[in-house]
Amino acid sequence: MANKILVIDDTTVVRVKVRQMLPQQGNFEVLEAKDGLEGYNLILQEKVSLIMLDFILPKMSGWEVFQKIQANSELKKIPLVIMSGRKEEVTEKIPEPFEYFEFLNKPFDQRQLINAIKSAMAIAAKKGTTDTVSPVVTVPKKELVAVKPTVEGSSSSADIEALNAKIVKMQAEIDNLKKQLTQVVTFIKQKIK
């Protein structure tokens, strides 16, 4: 399954530049949107792994798109890179240090792009993402302990079984995310060489 990277920018050159700078052997599908409204609709329709968002956009500004993303508990888990040629436009609305996204100053080179993507993934992982990126801290399988029902405990055995099932499911998701992150890191390392 390809990792979908959505580039929302009204400048064709920037969208093409991002597509070209991503490693060719990587498992990436780049989706493009030329305005905020089209970009936000793609976010809702597609399962994107990363959003690259210009701050100044027609139809719906990057600021408005950012607010809609932050208002949605699922969407705000997606790694986000905000791009702008004027950082002060961003810091006017969102003070530093940026907590929910990585900032990428335009113009940028491939190294800066790759570093911004890695940083955005790390920020999203700290917030506790689902299946978009691997979390920074994972629980090794050997540390997962099944909770045994106790008579004097307030939890019913059904509750405990449900929790254990969730732990198993989460571990499977973590293992899948580790695999995806390993693929992305390998791809980035190959591109940096």
Side-chain angles (χ1 to χ4, degrees), residues 1-24 26-135 177 180-181 184 187-188:
M1 186 177 96
N3 289 306
K4 293 182 182 177
I5 296 179
L6 174 59
V7 183
I8 309 171
D9 198 298
D10 56 332
T11 311
T12 305
V13 174
V14 173
R15 296 193 310 265
V16 170
K17 187 177 179 182
V18 169
R19 181 185 297 274
Q20 291 173 341
M21 285 183 177
L22 289 170
Q24 296 304 311
N27 195 17
F28 295 111
E29 179 184 344
V30 179
L31 306 175
E32 298 179 22
K34 61 189 176 303
D35 62 63
L37 187 59
E38 181 183 6
Y40 184 66
N41 286 333
L42 278 171
I43 292 168
L44 296 176
Q45 292 165 11
E46 300 286 338
K47 187 167 176 50
V48 296
S49 302
L50 174 80
I51 302 166
M52 299 198 63
L53 175 65
D54 186 18
F55 207 64
I56 307 300
L57 291 167
K59 296 192 181 175
M60 182 188 291
S61 73
W63 166 241
E64 291 170 306
V65 174
F66 173 77
Q67 288 179 302
K68 287 183 175 287
I69 290 169
Q70 290 304 307
N72 183 309
S73 62
E74 286 306 305
L75 298 183
K76 72 180 183 180
K77 295 175 183 178
I78 302 170
L80 174 65
V81 176
I82 290 185
M83 307 176 289
S84 179
R86 294 181 50 213
K87 190 174 186 176
E88 60 273 10
E89 290 173 340
V90 178
T91 55
E92 214 173 81
K93 303 224 186 263
I94 311 163
E96 287 189 271
F98 300 130
E99 190 178 349
Y100 302 106
F101 61 90
E102 179 55 42
F103 179 80
L104 181 60
N105 205 28
K106 292 181 185 177
F108 51 84
D109 61 25
Q110 185 179 32
R111 182 186 54 80
Q112 291 167 321
L113 173 68
I114 301 293
N115 286 341
I117 290 171
K118 285 169 139 179
S119 179
M121 292 173 73
I123 289 167
K126 281 185 207 162
K127 291 186 295 184
T129 61
T130 54
D131 59 343
T132 53
V133 296
S134 178
L177 292 173
Q180 288 177 5
L181 182 61
V184 170
F187 161 75
I188 291 171

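Just the heavy atoms: all of them, side chains too, but no hydrogens, waters or symmetry mates, feed the values below. Keep in mind that what you see is a predicted model, and the values were worked out from it rather than measured.
- In this structure the side chain of Gln112 never reaches within 4.5 angstrom of the side chain of Asn115, judged on heavy atoms.
- Closest of all the heavy-atom pairs between Ser49 and Pro79 is O-CD, 3.2 Å.
- Gln70 places no side-chain N or O within 3.5 Å of a backbone atom of Gln67 that could act as its donor or acceptor partner.
- The side-chain heavy atoms of Val7 and Val30, taken from C-beta on, include a pair separated by under 4.5 Å.
- Atom CG of Asn3 sits about 10.5 Å away from atom NZ of Lys47, to the nearest 0.5 Å.
- Using a 4.5 Å heavy-atom cutoff, the side chains of Ile56 and Asp10 are not in contact.
- In this structure, Ile82 CD1 and Leu104 CG are separated by 11.0 Å, a value rounded to the nearest 0.5 Å.
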Let me check something: any side-chain donor-acceptor pairs from residues 34-42 under 3.5 Å, sequence neighbours excluded? List them with distances.
from	atom 1	to	atom 2	distance (Å)
Lys34	NZ	Glu38	OE1	3.3
Asp35	OD1	Leu37	N	3.0
Asp35	OD1	Glu38	N	2.7
Glu38	OE1	Lys34	N	3.1
Asn41	ND2	Leu37	O	3.3

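- Under the 30°/60° scheme for interplanar angles, the aromatic rings of Tyr100 and Phe66 are found to be tilted.
- Considering Ile51, Ile8, Leu6 in turn, Leu6 is the only one that fulfils the side chain to side chain contact (heavy atoms under 4.5 Å, CB included) rule with Leu31.
- The backbone N or O of Glu88 lies less than 3.5 Å from a partner atom in the side chain of Thr91, making a donor-acceptor pair.
- Here the OG atom belonging to Ser61 is positioned 7.0 Å from the NZ atom belonging to Lys93, to the nearest 0.5 angstrom.
- Proximity of Lys68 to Ile43: side-chain heavy atoms (C-beta onward) are nowhere separated by under 4.5 Å.
- From Asp9, atom CG reaches atom CG of Leu57 across 6.5 Å, with rounding to the nearest 0.5 Å.
- Once rounded to the nearest 0.5 Å, the distance linking CG of Leu80 with CE of Met52 reads 9.5 Å.
- Figure legend: cation-pi geometry between Lys17 and Phe108, with NZ or CZ positioned under 6.0 Å from the six-membered ring centre and within 45° of its axis.
- Expressed to the nearest 0.5 Å, how far CD of Glu102 lies from NZ of Lys118 amounts to 12.0 Å.
- Taking both residues in full, the closest heavy atoms of Val81 and Ala116 are given as CG2-O, 3.7 Å, listed atom of the first, atom of the second, then distance.
- Nearest heavy-atom pair across Ser84 and Phe103 is O-CZ, 3.7 Å.
- Put simply, the side chain of Asp54 reaches to within 4.5 Å of the side chain of Lys106, judged on heavy atoms.
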